[in-house]
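This report concerns only the one structure given below.
All residue numbers in this chain count up from 1 along the given sequence. Quick caveat, the model's predicted, so the values are computed rather than measured.
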Amino acid sequence: MFQKRRLSFWEIWNLSFGFLGIQMGFALQNANASRILQSFGANVHELSWFWIVAPLTGLIVQPIIGYYSDKTWTRLGRRRPYFLTGALLASLGLILMPNADMFTAYLPSLWVGAGMLMVMDASFNVAMEPFRALIADVLPSDQRTLGYSVQTILIGIGAVIGSWLPYALTNWIGISNTAAAGEGPLNLLLSFVIGALVLVGSVAVTVFTTKEYTPEEMALLNQTGKIKEPERTTGGLMDIFTDFATMPKTMKQLSWVQFFSWFGLFGLWVFATPAIAEHIYGLDPNNSQSPAYQDAGDWVGILFGVYNGVSAIFAFFLPAIAKKMGRKKTHSISLAIGALGFLSIYIMPNENWLILSMIGIGIAWASILAMPYAILAGAIPSQKMGVYMGIFNFFIVIPQIVNALIGGPIVKHLYNGQPIYALVTSGVAFLIAALLVLKVEDVDDKEPVI
């Protein structure tokens, strides 16, 4: 009987190494895009509307990329052509976004910046889901939790570097973090260029060190696997809608967990800088050009690095914790700890105490990046791994789109212009997700998970 080969730790490390660069670029975007857009003229209550382009592109791109990556075989393999292409396009967006003011002769820099945000996020989406599917393709079931945990470790390392880089360039090297109105600070410009180079280099490591199973080998695996393969349909891209309508029960249950988890995360990424600048530093969140505001923004980058660093450390322990407690309980407790992290931001006396809040959020972030995928991979057919991973992304991007549409108006009208309450709302969303995950059916819950 043909079976998947068990990989060593370092083979699994190389398998996911490209995620280090992807997440470094993603962290630079998450921690700094709002500040860059504000420097180009966006108001606080408008930020979520500019951010809507990011999840909207994911909603469209990821299922299509997943569908075609299921059916693709080239000299580079099945998944690798997609995340290599995504890395190259994302690196271009990283270089151009903070330099949007160069294009003011053609369009307002704010709109160029928003366009580059869309290019970056679309490209990250092209790269991310084939990486998720690659883990499920290559690793046997009993190594998947380890595989997604290693992926989480690399995500954490990349995110720490990306989040801390602007602060380090300013405070350790002396590069300016201020700029004239309508321009991006030099520390951000250099950070995004460095991020682009690391992104391409790390993805190249995975491309050239990882071997995928051939179509013939995958056919043998499907014959001997426990999941019965559904019959092929011939509707082309329309198959995505059929697959969506017939998604497994476990996937439907996880969709609600993902909805509230990512609704909360989106609130953090969009409103953390103005919320902390106003609530903790006592600054006007609409005066983004002041040196004090830029210092607050750099500190938010440090805080983002903290929660990503914590996630990388906690990911080392996730396989053992999940083996002892089960995946569902592990994820539920982690989300509850994250909720406490969000809610505690409101009562922290100064910016240094926020590190404690980020520790809680980091624990939840590690679990969000690993546990849902480990649970899902055991419930979907291997031949449709890519398309289902892409469809699963619906439940990541839809809550972000919802938050993008209503987050700004809620902050402006319901929260009286105080973005700190958007972070409190994120904490409540995490609590709801923690309760919902206990209702999920884990198909592999009786099997080893390390």
Side-chain angles (χ1 to χ4, degrees), residues 4-24 26-27 79 83 127-161 202 205-206 209-210 250 254 257-258 261 265 306-335 337-338 359-380 385 389 392 396 433 437 440 442-445 447-450:
K4 292 182 180 179
R5 182 174 68 88
R6 293 179 62 82
L7 302 187
S8 69
F9 176 84
W10 292 112
E11 286 176 313
I12 295 174
W13 180 270
N14 287 337
L15 177 67
S16 292
F17 192 75
F19 244 113
L20 184 147
I22 291 173
Q23 196 62 31
M24 182 176 172
F26 202 54
R79 314 292 183 188
F83 52 71
M128 280 184 178
E129 287 316 302
F131 252 114
R132 299 286 191 194
L134 184 66
I135 293 288
D137 285 348
V138 174
L139 293 180
S141 177
D142 64 344
Q143 284 194 308
R144 282 177 182 161
T145 300
L146 176 60
Y148 287 117
S149 295
V150 168
Q151 201 170 84
T152 301
I153 292 166
L154 288 162
I155 286 171
I157 294 171
V160 169
I161 297 171
S202 62
V205 170
T206 295
T209 63
T210 299
T250 297
L254 281 170
V257 178
Q258 293 291 85
S261 300
L265 287 167
V306 168
Y307 89 71
N308 281 291
V310 168
S311 77
I313 295 170
F314 187 63
F316 278 105
F317 303 99
L318 271 175
I321 296 171
K323 182 179 181 181
K324 186 174 182 63
M325 298 177 57
R327 292 168 173 144
K328 293 193 301 182
K329 188 177 290 186
T330 298
H331 195 35
S332 180
I333 293 173
S334 299
L335 287 169
I337 293 171
I359 290 173
I361 293 173
I363 288 171
W365 180 230
S367 189
I368 289 168
L369 291 173
M371 288 298 107
Y373 297 97
I375 295 170
L376 178 67
I380 55 181
M385 191 66 69
M389 286 290 182
F392 196 53
I396 292 175
V437 74
V440 174
D442 187 351
V443 175
D444 286 340
D445 64 353
E447 298 183 2
V449 295
I450 60 171

Taking only residues two or more places apart in sequence, or in another chain, which ones meet I161 in a side chain to side chain contact (heavy atoms under 4.5 Å, CB included)?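 Scan of I161 (side chain to side chain contact (heavy atoms under 4.5 Å, CB included), adjacent residues dropped) gives M24, I157.
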Just to verify, what does S367 make a side chain to side chain contact (heavy atoms under 4.5 Å, CB included) with, not counting sequence neighbours?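 Expected list: H331, S334, M371.
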Which atom pair, heavy atoms only, marks the closest approach of [X] to [Y]?
X	Y	answer
T145	A374	OG1-CB, 3.7 Å
S16	I135	OG-CD1, 3.2 Å
D442	R327	OD2-CD, 3.0 Å
V437	S332	CG1-CB, 3.2 Å
A370	T152	CB-OG1, 3.6 Å
R144	L139	NE-O, 3.8 Å

Classify the ring geometry of F131 against F83: parallel below 30°, tilted from 30° to 60°, perpendicular beyond 60°.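 Parallel, since the angle between the ring planes stays under 30°.
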Could you tell me how the ring of F17 sits relative to the ring of W13: parallel (under 30°), tilted (30 to 60°) or perpendicular (over 60°)?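 Plane angle between 30° and 60°, so tilted.
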[atom1]/[X] to [atom2]/[Y] distance, rounded to the nearest 0.5 angstrom?
X	Y	atom1	atom2	result
K329	I321	NZ	CD1	13.0 Å
T206	I22	OG1	CD1	8.0 Å
L376	Y373	CG	OH	8.5 Å

Whether the side chain of [X] engages the backbone of [Y] through a donor-acceptor N/O pair (distance < 3.5 Å, no angle test) should be reported.
X	Y	answer
K4	D137	yes
S8	E11	yes
K328	V440	yes

Would you check, one step at a time, whether the test side-chain contact (heavy atoms from CB on, under 4.5 Å) holds for V150 with F9? CA-CA 9 Å; V150 168; F9 176 84; 3.8 Å; yes
Here's a test for you: under side-chain contact (heavy atoms from CB on, under 4.5 Å), which of L7, I12, L15, V205 qualifies with T210?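 When side-chain contact (heavy atoms from CB on, under 4.5 Å) is applied between T210 and each of L7, I12, L15, V205, only L15 qualifies.
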Between S261 and L335, is any pair of side-chain heavy atoms under 4.5 Å apart?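 The answer is yes, as the side chains (C-beta and beyond) meet within the 4.5 Å cut-off.
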Check whether any side-chain heavy atom of F392 sits under 4.5 Å from a side-chain heavy atom of L254, and report yes or no.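 F392 vs L254: side chains touch.
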Output side-chain donor-acceptor pairs under 3.5 Å for residues 311-319, partner residues at least two apart or in another chain, one line each.
residue	atom	partner	partner atom	Å
S311	OG	N308	O	2.6

List the steps, then state whether side-chain contact (heavy atoms from CB on, under 4.5 Å) holds for L369 with Y148. CA-CA 7 Å; L369 291 173; Y148 287 117; over 6 Å; no
